[in-house]
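See below for the structure under consideration.
Throughout, residue positions are numbered sequentially from 1 according to the sequence presented.
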Amino acid sequence: MNLWEAFLDLLFPPKCPFCQKLLDDPRAPLCPDCQKKLPWLSGAEALRAVEGTAGCLSPLAYRDGVPEAVRRYKFPGDPSCGKPFGLLMAQCAQDALGGAADLVTWVPLSRKRKKKRGFDQAELLARTAARELGLPARPLLEKVRDNGPQSHLEDEADRRANVKDVYRLRPGEDLSGLRILLVDDVVTTGSTLGECARTLRAGGAGEVWGLTLAQARKK
C-alpha cells in the first residue's frame, strides 16, 4: 500500500464490498462474516466451460449477497469495489492456473457507457488482478458498437446475436502464442466472453482463459 492509499483509508475507512461493514483490517478484501457465508466456488465448481475459451474461472456463485454487491459496483457505480473483487479473482486464477498466463485484458465498455458510468468495471478488476498476479494488463479489445446490455436478454441465442461483431482487436496488437486472462464481472451464458475470446484467438492468442468475479446459472 502506498502513502496515498493509506491516506485515503484514513479519510474513507474501507468497507466490506458485500455487506458494507467497516473492515477491521483495511488490507482485507472482505469481512470475516462474509468470508464464511458467501457462496464460494472451488476446484471443478470454479470452472465454467465457455465456447472459445479454455474455460472461465470464478471464485463465487452469483447468488446470496453477490448480485447486490455487483449491482452496487456497476449501478450507479462504486469503483472502490474494484480492488477487493480483483483480489478475490486473482487468488482464484492463482489457485487454478499458477503462472500459466502471460497477460491480462478485459471485456471493454463502449465509450458511451464508460462515460456515463465514469469507469470501466472490468478494467478495474483486470488491473487489480494483474498487479496481484505480477502480470501486465493491456487493453487489447475495442467495442465498436454500443449494443444493449446482455442482462436484458433471457435467450442464449439472443445473447450470442447481441454481441456478434461488437468487438475488435486494437490496431497493431500481435498476440502470437500468448496465454491471456480475459476479465469480466459475471459470466452467465458465456456469449460475451466467447465472442471476445474468438477475437483474441483470431489475433494469434495461443490460449484464452476467462476470469470473472462470479458465475450465474445458465437460463
Next item on the list: Answer yes or no: is there a side-chain heavy-atom contact under 4.5 Å between Asp33 and Cys19?
Entry: no
Check: If you take all heavy atoms of Cys34 and Cys16, which pair is closest and at what distance?
Finding: SG-SG, 3.7 Å
Note to self: Can you give me the closest heavy-atom contact between Leu88 and Pro29, atom names plus distance?
What the structure shows: CD2-CG, 4.0 Å
Note to self: Let's go through Asp64 and Lys37 carefully: what are the C-alpha distance in whole Å and the side-chain angles of both, what is the deciding distance for salt bridge (Lys or Arg N to Asp or Glu O under 4.0 Å) to 0.1 Å, and is it a yes or a no?
What the structure shows: CA-CA 9 Å; Asp64 301 337; Lys37 67 184 182 182; over 6 Å; no
Check: What distance separates Met89 CE from Leu60 CG, expressed to the nearest 0.5 Å?
Finding: 10.0 Å
Checklist line | Test side-chain contact (heavy atoms from CB on, under 4.5 Å) applied to Trp209 and Val104, Val183, Leu47, Leu193, the passing residue | finding: Leu47
Check: For the residue pair Tyr73 and Phe18, is the inter-centroid distance of their aromatic rings smaller than 6.0 Å?
Finding: no
Checklist line | Smallest separation among heavy atoms of Leu109 and Phe119, with atom names | finding: CD1-O, 3.7 Å
Check: What are the two closest non-hydrogen atoms of Val50 and Thr53, and how far apart are they?
Finding: O-OG1, 2.8 Å
Margin query: Evaluate Arg198 against Glu195 for salt bridge (Lys or Arg N to Asp or Glu O under 4.0 Å), listing each step before the verdict.
Written below: CA-CA 5 Å; Arg198 282 187 285 272; Glu195 180 69 16; 3.6 Å; yes
Next item on the list: Please report the closest heavy-atom contact between Leu213 and Val70, naming both atoms and the distance.
Entry: CD2-CG2, 3.9 Å
Note to self: Do Val186 and Thr212 make a side-chain contact, defined as non-hydrogen atoms from C-beta onward lying under 4.5 Å apart?
What the structure shows: no
Checklist line | Distance, nearest 0.5 Å, that separates CG of Leu23 from CG of Leu30 | finding: 7.5 Å
Next item on the list: Kindly indicate whether the side chain of Leu87, heavy atoms from C-beta on, has any atom under 4.5 Å from the side chain of Thr128.
Entry: yes
Next item on the list: May I ask you to check whether over 12 heavy atoms, not counting those of Asp24, lie within 6.0 Å of atom CG?
Entry: no
Item checked: Shortest non-hydrogen contact between Ala126 and Ala137, atoms and distance -> O-CB, 4.5 Å
Checklist line | Flag side-chain contact, heavy atom, 4.5 Å: Trp40 against Glu45 | finding: no
Notebook entry, point to check: Are Leu169 and Val166 connected in the hydrophobic side-chain network, where two residues link if heavy atoms are under 4.5 Å apart?
Noted result: yes
Margin query: In the structure I gave you, are the side-chain heavy atoms of Tyr167 and Val107 within less than 4.5 Å of one another anywhere?
Written below: yes
Notebook entry, point to check: Among the clusters formed by ILVMFWY side chains lying less than 4.5 Å apart, do Leu135 and Leu124 turn up in the same one?
Noted result: yes
Check: Do the non-hydrogen side-chain atoms of Lys114 and Pro108 ever get within less than 4.5 Å of each other?
Finding: no
Notebook entry, point to check: What's the spacing between Lys116 NZ and Arg113 CZ if we round to 0.5 Å?
Noted result: 8.5 Å
Next item on the list: Using modelled atom types only, decide if a donor and an acceptor are shared between the side chain of Trp106 and the backbone of Gln121 within a distance under 3.5 Å.
Entry: no
Item checked: CG-NZ distance between Leu125 and Lys83, expressed to the nearest 0.5 angstrom -> 13.5 Å
Note to self: Can you confirm whether Leu57 sits close enough to Leu211 that some side-chain heavy atom of one is under 4.5 Å from a side-chain heavy atom of the other?
What the structure shows: yes
Check: Same cluster for Leu140 and Leu181 if Ile/Leu/Val/Met/Phe/Trp/Tyr side chains link at under 4.5 Å?
Finding: no
Item checked: Interatomic distance, Thr192 atom OG1 to Leu182 atom CG [nearest 0.5 angstrom] -> 10.0 Å
Margin query: I need the Ser191 OG to Glu51 CD distance, nearest 0.5 Å.
Written below: 9.0 Å
Margin query: Other residues, nucleotides and ligands only: do more than 12 of their heavy atoms fall within 6.0 Å of CZ on Arg201?
Written below: no
Notebook entry, point to check: Counting distance only, does the side-chain N/O of Asp102 pair as donor-acceptor with the main-chain N or O of Arg179 below 3.5 Å?
Noted result: yes
Margin query: Could you tell me if the side chain of Arg138 sits less than 4.5 Å from the side chain of Thr105, heavy atoms only?
Written below: no
Checklist line | Heavy-atom donor-acceptor pair, Arg48 side chain to Thr188 backbone, under 3.5 Å | finding: yes
Note to self: Strictly distance-based, threshold 3.5 Å: is any side-chain N or O of Arg170 a donor or acceptor partner for the main-chain N or O of Glu142?
What the structure shows: no
